[in-house]
Each structure stands twice: as C-alpha cells, then as structure tokens.
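Computed from a prediction, not measured in an experiment: that's the story for all the values here. Counting starts at 1 for both ligands and their atoms, following the listed order.
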Amino acid sequence: MAEAARAPLPEGKAERYAALRAEIAAVIAGEPNRIARYATASSLLAAAFPDRFFWTGFYLVDEAKGDELVVGPYQGTLGCLRIPFGKGVCGAAAAQRQTIIVPDVSAFPGHIACDSRSKSEIVIPVFDKSGALAAVVDVDSTQFNAFDQIDQAGLEAICGELLTRD
Ligand code: SME
C-alpha cells in the first residue's frame, strides 16, 4: 500500500513543501497524462495542509476557447466550472501569468465566490515545457490571510514539477 509507505511530513511549512515537492515528483515520475499529475498534486497538497487548505485544485486552460479556464482535478466543495481569463482571482492570475495572493477575498474586485466560507486564497500559474500557460492552481482557505511568501515559493516549486509533457 502506497499510503503505509509514506513518511510523516515535517512540521515546518517550508520543509513540508519541500517534502511534498519530492513526494509529488516521485509519484508522477514517468506519468505523461497531465490530469493524472494534477489529481495527484491536489490530493497530496490538500491532505498535507488540512487546516488551511479548504479548496485545492486546478483550473485548466480550455484549449478550444483559449481565453477561458475550465475546472480540473480538485479536493473540496463544489467549484464553479468555467472562469474567463481576467475574471476573479484565477482569471487574473491566468491573464497576468503570475501568482496572486489575496488576504481577504471580499476586497478583491470580481472575486468569484464558489463557497462563501472561503476567506483568502492563492493562485499559481502552471506552465508547460514550452512556457505556455497550461493551468492555474487555486487554493482557498476559510481563514483570512492564510497564505504568505512561503506558500508562494512552495507552491510555485511544486507547479514546476507538473510541467506538461503530453
Ligand atoms: N476563488 C476563485 C474561484 C474558484 S473557486 O473558489 C473554487 C476565484 O475567484 O478565482
């Protein structure tokens, strides 16, 4: 059983992200399917931070539309299915191709409230090996101001492991 073989995660946040990065890389090694990689990452991330990560998942660039995100693998309550580029935090991160941390979602113009319990969030872009945007990772918390630079660095490093090879 894979679960029984997993080592306990470190207590420190940066150390926990480093261990997660190694674990995700090991599990997805050799797996060419991007949905399999994203599903693995969302599961391991959500399980690693159960107190802070209320919704953890991916919005994929819809290749057919080009300027719209469509929901991908996630852990959490029901998420909205589609987000146009530029709309909400996910759409803004996709349009800007950079990480956005929002300490209080009620203060973010155009925030999309899929679940009113979400109070803060971080969204990180995921690029493919050619540098094109493939997806964004969206992590929402029920606490205000739940995410900082350590989360950004840890999640951006993990997103680098998810480079699309298919
Ligand atoms: N928080 C997002 C919407 C997606 S859900 O919360 C799952 C946003 O405003 O981009």
Using 30° and 60° as the class limits, which term best fits the ring planes of Phe58 and Tyr38: parallel, tilted or perpendicular?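 It falls in the parallel class, under 30°.
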
According to the interplanar angle, ranging from 0 to 90°, do the rings of Trp55 and Tyr74 count as parallel (below 30°), tilted (30 to 60°) or perpendicular (above 60°)? parallel

salt_bridge(Arg37, Glu31) N-O dist < 4.0 Å: no

Electrostatic pair Arg34-Asp128, nearest N-O below 4.0 angstrom: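 Salt bridge absent between Arg34 and Asp128.
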
If you take the centroid of each ring, where Trp contributes its six-membered ring, are Tyr59 and Phe85 closer together than 6.0 Å?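 Not close enough - the centres of the two rings lie 6.0 Å or further apart.
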
Could you tell me whether a side-chain N or O of Thr40 sits under 3.5 Å from a main-chain N or O of Ala36, the two making a donor and an acceptor?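 Present.
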
Between the protein and ligand 1, which nitrogen or oxygen pairs come in under 3.5 Å, and how far apart is each?
residue  : atom   : partner : partner atom : Å
ligand 1 : 1 (N)  : Glu121  : OE1          : 2.7
ligand 1 : 1 (N)  : Glu121  : OE2          : 3.1
ligand 1 : 6 (O)  : Asp140  : OD2          : 2.8
ligand 1 : 9 (O)  : Val89   : N            : 3.2
ligand 1 : 9 (O)  : Ile112  : N            : 3.1
ligand 1 : 10 (O) : Val89   : N            : 2.9
ligand 1 : 10 (O) : Cys90   : N            : 2.7

